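Working notes, structure below.
This structure is a prediction, so every number in the text was calculated from the model and none was measured.
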Amino acid sequence: MLSKKASCDSHGQDSSYFLGWQEYEKNPYDPVQNPNGIIQMGLAENQLSFDLVESWLASNPDALELKRNGGSVFRELALFQDYHGFPAFKNELVEFMAEMRGNRVKFDPNKLVLTAGSTSANETLMFCLAEPGEAFLLPTPYYPGFDRDLKWRTGVEIVPIQCTSENGFQITAPALEEAYQRAQEFNLKVKGVLVTNPSNPLGTTMTTLELNHLIDFALAKEIHIISDEIYSGTVFNSPSFVSIVEAVTERNLEDTELWNRVHIVYSLSKDLGLPGFRVGMIYSNNQTVVSAATKMSSFGLVSSQTQYMLSHMLKDKKFTANYLKENQKRLRKRRQMFVCGLKGAGIRCLKSNAGLFCWVDMRHLLKSNTFEAEKELWMKVVCEFGLNISPGSSCHCSEPGWFRMCYANMSEDTLEVAMQRIKALVEPTMVHQSVVSKSTWLQTKWVFQLASYDRESDR
């Protein structure tokens with residue numbers, strides 16, 4: 001006999017977002033070894049500035065070799081560390097966060113909780129802020145992993161805030177109220193709103209108007225705000241990024257109850273391109289939340305050697321300033337390259353200024369304005385053209401035909417191949433050597449899984 005958690009399929013692994021990943025892992029593209037393989041465009045990973053980090057490590061061998069002034073600190077780091085984290089590392093993290101916001105706001109290291117990535121941070125906040133069966137409101141489209149991160153182990157429900165392409169998927173006051181009322185109809189107590197700013201999958205920063213809608217709503221309903229800001233250092237075009245803490249501060253709300261209901265999630269996975277290091281954090285003005293989250297963090301700690309190395313890296317302000325500037329420059333150039341390629345294929349995308357991806361409009365390629373047609377097109381892109389992209393339905397988009405495509409996790413040469421495949425998709429008569437054969441794919445078990453895939457299982 002197993003537990004209900006072990007035997008149920010509520011993890012969300014049957015989402016098209018994850019199914020595409022599974023097929024990529026079976027047949028990954030390699031320009032030499034497997035030129036007909038699948039190109040991974042479903043992974044929001046930043047590989048554009050690895051050389052900057054590698055250069056710093058080469059110039060600072062003590063940090064990587066776990067030394068201080070030439071002497072080993074191995075034994076010191078190998079011994080037990082409590083779950084509060086290294087003070088030096090937390091000090092550098094809050095300074096790095098402030099630097100990304102132009103030092104317009106300051107952060108207190110005593111309000112910071114270290115976690116093993118932002119996945120752990122978001123789940124920990126759910127455990128701290130809500131009971132099983134209570135709800136958080138999320139604007140659509142949203143990151144597909146939230147169905148796993150926020151719900152699977154906590155029992156918390158997600159109620160979508162329906163945003164549309166009419167205004168670039170921006171949050172409106174009526175949409176917030178409508179979502180709240182929908183939760184009431186299902187007898188769900190709303191504990192808060194969670195937003196990603198900059199947005200995943202839109203690649204846009206929240207406007208001042210949106211932030212104020214959010215603040216007004218939280219004040220009126222007496223609920224929490226969680227702002228997932230893991231892409232804050234990727235903003236490469238105006239308007240600039242405005243953190244929820246900055247927006248609340250500008251309205252002089254520090255002495256109100258709302259101040260204790262504002263929480264930030266951050267990590268080094270996207271801005272520094274270090275998802276494998278598993279460095280995430282919670283920043284909260286609520287000391288009870290900080291205390292509880294710190295205790296919970298013992299189930300997912302950041303390793304001592306990781307903290308040691310990165311504290312030295314972040315302490316180098318010349319490096320961090322140059323890295324942020326150069327990384328944003330490279331992201332801007334890569335996005336321009338990608339958007340120009342899409343335009344050449346007759347495809348447009350939402351105007352964006354941040355992130356590692358584009359929100360791509362392929363509605364004109366659908367056979368009908370339905371999610372069934374979107375699924376059919378997505379299967380064609382993956383199966384026939386060897387591109388793993390994320391369909392809008394997996395992001396709970398209310399309109400069929402939108403897709404998230406990542407462009408920062410590959411070389412320029414690979415992106416060129418991806419663009420050739422996209423053009424071949426749009427222009428079926430084109431000769432495209434690197435496209436995966438449909439006959440090969442139709443033999444896979446996965447296609448039969450997709451045949452029974454229902455959009456509602458992704459919602």
Any chance the side chains of N409 and Q47 put a donor and an acceptor closer than 3.5 Å? no

Side chain to side chain donor-acceptor pair (under 3.5 Å) between R363 and N369, intermediate numbers included: CA-CA 7 Å; R363 288 177 291 180; N369 186 32; over 6 Å; no

Report the residue from I158, L129, L188 that forms a side-chain contact (heavy atoms from CB on, under 4.5 Å) with F136. L129

Do you know which of N197, N122, N200 makes side chain to side chain donor-acceptor pair (under 3.5 Å) with D228? N122

Can you find a heavy atom in the side chain of Y283 that is under 4.5 Å from one in the side chain of Y266? no

Between the CE atom in M97 and the CZ atom in F107, the distance rounded to the nearest 0.5 Å is 4.5 Å

Could you check if a side-chain atom of P139 sits within less than 4.5 angstrom of a side-chain atom of V195, using non-hydrogen atoms only? yes

Taking the side chain as every heavy atom from C-beta outward, state whether T370 and P400 have any atom pair closer than 4.5 Å. no

Interatomic spacing from CD in Q170 to OG in S199 - rounded to 0.5 Å: 11.0 Å

Measure up the F146 and Y143 rings against each other and bin them: parallel (under 30°), tilted (30 to 60°), perpendicular (over 60°). perpendicular

Gap separating the SG atom of C406 from the CG atom of L415, nearest 0.5 angstrom: 11.5 Å

Heavy atoms of other groups near F277 CZ, more than 12 under 6.0 Å: no

Report yes if the side chains of I38 and Q40 come closer than 4.5 Å at any heavy-atom pair, otherwise no. no

I'd like to check E45 versus P275 (side-chain heavy atoms, cut-off strictly below 4.5 Å). Are they in contact? yes

Under 3.5 Å: donor-acceptor pair, side chain of S238, backbone of S240: no

Rounded to the nearest 0.5 Å, what's the gap from CD on E246 to CD on E250? Could you check? 5.0 Å

Whether the side chain of S311 engages the backbone of Q307 through a donor-acceptor N/O pair (distance < 3.5 Å, no angle test) should be reported. yes

Give me the atom names and distance for the closest heavy-atom approach of L114 to G85. CD1-CA, 3.8 Å

For residues E99 and K317, report the shortest heavy-atom separation together with the two atoms involved. OE2-O, 4.3 Å

Kindly give the heavy-atom pair with the smallest separation between G42 and S390, and that separation in Å. CA-OG, 4.0 Å

Taking 4.0 angstrom as the limit, do K26 and E23 come out as a salt bridge? yes

What closest approach, in Å, do E374 and P391 show between heavy atoms, and which atom pair accounts for it? OE2-CB, 3.6 Å

Check the pair R404 / W359 against side chain to side chain contact (heavy atoms under 4.5 Å, CB included), numbers first and verdict last. CA-CA 5 Å; R404 191 192 75 166; W359 188 236; 4.0 Å; yes

N/O donor-acceptor pair under 3.5 Å between R330 side chain and L48 backbone: yes

Measure centre to centre between the rings of W402 and F169, then say whether the value is under 6.0 Å. yes

Using atom types as modelled and distance alone, determine if a side-chain donor or acceptor of S243 lies under 3.5 Å from a backbone N or O of V245. yes

Cation-pi check for F385 against R421: NZ or CZ below 6.0 Å from the six-membered ring centre and within 45 degrees of the axis, yes or no? no

With a 4.5 Å heavy-atom cut-off, do L356 and N46 have their side chains touching? yes

Q162 and T164: side chain to side chain contact (heavy atoms under 4.5 Å, CB included), yes or no, with the steps? CA-CA 7 Å; Q162 298 292 357; T164 71; 5.6 Å; no

Side chain to side chain donor-acceptor pair (under 3.5 Å) between D147 and Y142, worked out: CA-CA 9 Å; D147 292 323; Y142 63 76; 2.9 Å; yes

Would you mind reporting whether I171 and M206 have side-chain heavy atoms less than 4.5 Å apart? yes

Tell me the closest heavy-atom pair linking F357 and G203, and the distance in Å. CE1-N, 3.6 Å

Pair L112, L93 - check side chain to side chain contact (heavy atoms under 4.5 Å, CB included), show working. CA-CA 9 Å; L112 190 75; L93 276 173; 4.0 Å; yes

Test side chain to side chain contact (heavy atoms under 4.5 Å, CB included) applied to M410 and M41, step by step: CA-CA 9 Å; M410 64 189 76; M41 302 189 78; 3.8 Å; yes

Are the aromatic rings of H213 and F217 close, with centres under 6.0 Å apart? no

Is there a side-chain contact between C349 and V339 in this structure, where contact means two heavy atoms from C-beta onward sitting under 4.5 Å apart? yes

Do you know the tightest heavy-atom contact between F241 and R104? O-NH2, 3.1 Å

Donor on one side chain, acceptor on other, E177 and Q181, under 3.5 Å: yes

So NZ of K221 and CG of L137: to nearest 0.5 Å the spacing works out to 10.0 Å

Would one find more than 12 heavy atoms of other residues, nucleotides or ligands at under 6.0 Å from atom CD of Q336? no

Salt bridge check: are E376 and K380 linked by an N-O gap of less than 4.0 Å? no

What distance separates L272 CG from L52 CG, expressed to the nearest 0.5 Å? 10.0 Å

Using modelled atom types and a 3.5 Å cut-off, is there a donor and acceptor pairing between side-chain atoms of N322 and backbone atoms of K318? no

